[in-house]
Amino acid sequence: MTVPPEELRWTAGFPPATRERWRELALGVLRRSGVEAASPEEALAFTTHDGVTIAPIYDASDLPGDPGLPGEAPYVRGSRPGGGSWEIRQRHEAADPEAVLADLENGVTSLWLAVEPEDLPRVLERVHLELISVALDAGERTREAAETLFALAAGQAARERPTRPEAPPGSGDGGPAAGFLTGTLGADPLRDPETAADLARRCAAGFPGLRAAVVDATPYHDAGGGDAEELGCSVAAGVAALRVLTGAGLSEEEAFGQLEFRYAATADQFLTIAKLRAARLLWARVAEVCGVTRNAGQRQHAVTSSAMMTARDPWVNMLRTTLACFAAGTGGADAVTVQPFDARLGLPDAFARRIARNTHSLLLEEAHVARVTDPAGGSYYVERLTRDLAERAWEWFQEIERAGGAGSRAGDDLVARRLAATRERRSEAVAHRRDPITGVSEFPDLAERPLRRPPHPRPVAGVHYAGEFERLRDLADAQPVRPHVFLATIGPVAAHNARTSFAANLFQAGGIATVSGGPLTDPEEIAAAFTASGARVACLCSADRLYGEHAGPVAAALRAAGARRIWLAGRGEYPGVDALLYAGCDALGVLRTTFDDLGVTR
């Protein structure tokens with residue numbers, strides 16, 4: 001391709017784009033908006049819940065250095081040399097062979113089985129184990145589940161390979177089933193070190209495609225932790241697992257090869273991409289310190305976040321999980337699980353499982369997401385964010401180690417306190433709607449018909465970001481008559497429409513309906529409309545110029561008509577107004593106060 005001379009380029013005549021020029025222009029816009037700051041970075045940057053700063057702009061000076069090549073240390077760009085597709089790993093909590101077969105016949109390549117060991121033969125009866133990977137999740141019954149899986153594989157191998165060829169190198173005691181099994185047995189080295197060590201020795205000796213243990217970081221995420229905290233906790237748990245396995249006689253290389261890491265993927269696509277890249281960088285550093293080169297690339301299983309899922313307007317979960325799946329695949333995860341959109345409600349139905357697996361198919365077969373290895377690589381933002389997350393996580397990992405490490409009482413207490421503090425900050429952001437939740441805290445639909453699903457066989461632990469708003473919605477739905485608030489809309493529609501919509505959206509986030517009085521200005525007419533509505537709480541909605549003239553008289557008339565509390569959508573001080581609604585106010589506090597004013601017991 002011939003590059004045109006400078007005078008023929010479309011940029012000719014424009015001054016060069018520099019950060020200094022951007023600062024100058026951005027400061028001008030900020031000052032005209034009434035924002036005073038020493039720099040636009042100071043005004044526009046924000047910090048994640050666990051302390052990582054996100055700048056408003058990045059350029060080449062932010063690149064942290066060479067991230068390496070895919071499949072090579074430090075594995076930032078992926079653990080697989082050739083890239084390629086990820087495993088489509090579908091989770092099954094119910095022993096439903098037909099659902100399992102439907103998934104496998106329609107694109108699923110890996111099964112995540114959280115069923116009882118005695119149900120495995122029935123679930124896998126018609127499944128060709130040699131063609132898929134299996135991830136077990138049996139908790140305290142991991143050993144039983146693993147033995148059952150070994151027996152099933154041996155039976156299939158004996159039927160399909162009646163005369164076994166010479167065992168390949170490294171097949172060990174796996175016998176003819178050695179090549180049949182890939183995936184993970186799901187042992188937890190911290191909770192059950194003996195089982196994890198026994199299974200790891202067996203896998204290392206006889207099942208080259210099978211890993212014994214999982215370092216599951218999703219509980220840290222589900223407890224409210226941030227991305228850097230999830231990463232630091234995972235490294236601490238991974239190091240503790242290495243100590244267990246090497247202490248049981250495995251070599252360092254064998255121990256590294258027996259671990260699979262599980263991370264949460266969220267709808268914040270850039271943070272998820274950077275988190276998975278940073279996780280590989282961190283684990284490569286652990287391998288380097290241990291002197292390990294073989295098996296040093298971290299194997300990752302990404303699961304769409306449980307905490308971000310909603311029970312209300314669950315259809316929006318499809319958008320959340322699509323973003324999360326895209327980010328997980330783009331970030332280089334080896335296996336990805338998309339939770340069905342109705343997962344918060346109980347066991348998913350066939351339609352929800354279909355949508356979950358088709359999310360992968362659309363991204364892989366139509367969007368061709370896996371055709372490019374590490375497509376975010378080279379992005380100033382992603383590369384800097386990857387390194388910033390890794391540095392923050394490494395500092396956190398070192399804190400845990402100094403406290404005694406993962407699994408120690410002091411280390412676990414430290415983690416619990418840190419996650420609780422981050423959870424509190426996140427909860428405050430959700431309450432103030434700085435972290436909006438579509439369909440719940442923003443744009444709720446009071447007319448939606450709730451979906452019903454059978455309960456999960458095992459209790460589902462962890463926080464849900466939408467939980468407090470959804471509890472209020474449930475409370476409102478349970479009342480004989482839905483609680484409602486009167487909106488005193490002052491003046492023409494053009495004057496009050498924006499704030500009417502804002503106030504209605506806020507109250508409806510708690511299940512409280514709103515009744516509008518119409519475009520009125522006369523206080524007595526507004527008070528009459530309030531009385532006719534049967535409401536006990538009112539909210540004034542209009543433009544600032546009309547508030548100055550009408551807010552006081554209207555508030556007085558509403559008070560005389562029996563209003564227990566009078567809100568005003570906007571800012572400022574007006575006679576007779578009890579409190580204000582505005583962007584960034586404590587929406588949960590407003591809703592709880594309104595329930596109390598309406599006499600609804602919380």
Side-chain angles (χ1 to χ4, degrees), residues 431-433 441-447 469 472-473 475-477 479-602:
H432 289 255
R433 302 198 297 179
S441 68
E442 298 281 4
F443 312 113
D445 178 12
L446 296 189
F469 282 100
L472 294 178
R473 288 278 296 275
L475 179 60
D477 289 353
Q479 303 307 306
V481 178
R482 181 174 295 280
H484 60 286
V485 167
F486 178 77
L487 301 183
T489 49
I490 303 171
V493 172
H496 68 69
N497 186 58
R499 282 173 170 162
T500 299
S501 299
F502 172 82
N505 187 51
L506 192 157
F507 286 114
Q508 290 167 15
I512 300 172
T514 55
V515 180
S516 176
L520 304 172
T521 56
D522 181 75
E524 296 308 319
E525 290 182 356
I526 293 175
F530 168 76
T531 300
S533 73
R536 300 179 185 177
V537 173
C539 178
L540 309 188
C541 301
S542 192
D544 290 343
R545 61 182 179 81
L546 293 179
Y547 281 153
E549 179 181 354
H550 298 287
V554 170
L558 290 170
R559 187 78 67 190
R564 294 182 177 180
R565 186 176 299 270
I566 298 173
W567 299 91
L568 181 142
R571 292 181 180 271
E573 295 184 9
Y574 302 96
V577 171
D578 295 308
L580 304 175
L581 304 182
Y582 51 88
C585 72
D586 183 357
L588 276 177
V590 170
L591 293 171
R592 290 166 179 153
T593 298
T594 303
F595 272 102
D596 293 341
D597 292 334
L598 296 177
V600 177
T601 303
R602 292 191 285 115

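If you read the sequence from its start, that first residue is 1, and numbering goes on from there.
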Exercise. Would you check if the side chain of Q479 reaches a backbone N or O of L475 as a donor-acceptor pair within less than 3.5 Å?
Key: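 Pair found, side chain donor or acceptor close to backbone of L475.
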Quiz item: Between the side chain of N505 and the main-chain N/O of F443, is any donor-acceptor distance below 3.5 Å?
Solution: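 It does hold such a pair.
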Exercise. Over all heavy atoms of both residues, which pair between A509 and P444 is shortest? Give the atoms and the distance, please.
Key: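 Looking at all heavy atoms of both residues, the closest pair is N-CG, 3.5 Å.
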Taking the side chain as C-beta and beyond, is there a heavy-atom pair between [X] and [Y] under 4.5 Å?
X    : Y    : value
V537 : L598 : yes
L472 : L588 : yes
C541 : I490 : no
D445 : Q508 : no

Per-pair distances, 0.1 Å, donor-acceptor, side chain in residues 556-568, under 3.5 Å, sequence neighbours excluded:
from : atom 1 : to   : atom 2 : distance (Å)
R559 : NH1    : D578 : OD2    : 3.2
R559 : NH2    : G576 : O      : 3.0
R559 : NH2    : D578 : OD1    : 3.0
R559 : NH2    : D578 : OD2    : 2.9
R564 : NH1    : D597 : O      : 2.8
R565 : NE     : D597 : OD2    : 2.5

Practice problem: Provide the full list of ring pair (Phe, Tyr, Trp, His ring centres under 6.0 Å) pairs with a residue in residues 575-602, sequence neighbours left out, each pair given once. | Solution: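 Non-adjacent pairs meeting ring pair (Phe, Tyr, Trp, His ring centres under 6.0 Å): zero.
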Quiz item: Tell me, which pairs form a ring pair (Phe, Tyr, Trp, His ring centres under 6.0 Å) where one or both residues lie in residues 482-503, sequence neighbours left out?
Solution: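 Listed once each, the pairs are F486-F530.
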Quiz prompt | Those residues that, when tested against D522, pass side chain to side chain donor-acceptor pair (under 3.5 Å) (two or more places apart) | solution =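 D522 satisfies side chain to side chain donor-acceptor pair (under 3.5 Å) with no residue once adjacent residues are dropped.
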Exercise. Using the test salt bridge (charged side-chain N to carboxylate O under 4.0 Å, His left out), find all partners of E442 that sit at least two apart in sequence or belong to another chain.
Key: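 Checked E442 against salt bridge (charged side-chain N to carboxylate O under 4.0 Å, His left out); matches are R433.
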Quiz item: With sequence neighbours left out, which residue pairs that include part of residues 540-558 fulfil the side-chain hydrogen bond (donor to acceptor under 3.5 Å, both in side chains) condition?
Solution: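 Applying side-chain hydrogen bond (donor to acceptor under 3.5 Å, both in side chains) to every pair that reaches into residues 540-558, excluding sequence neighbours, yields R499-D544.
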Quiz item: Taking L506 as the fixed residue, which of V485, T514, V590, I512 is the one that meets the side chain to side chain contact (heavy atoms under 4.5 Å, CB included) rule?
Solution: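 Checked V485, T514, V590, I512 against L506; only one passes side chain to side chain contact (heavy atoms under 4.5 Å, CB included): V590.
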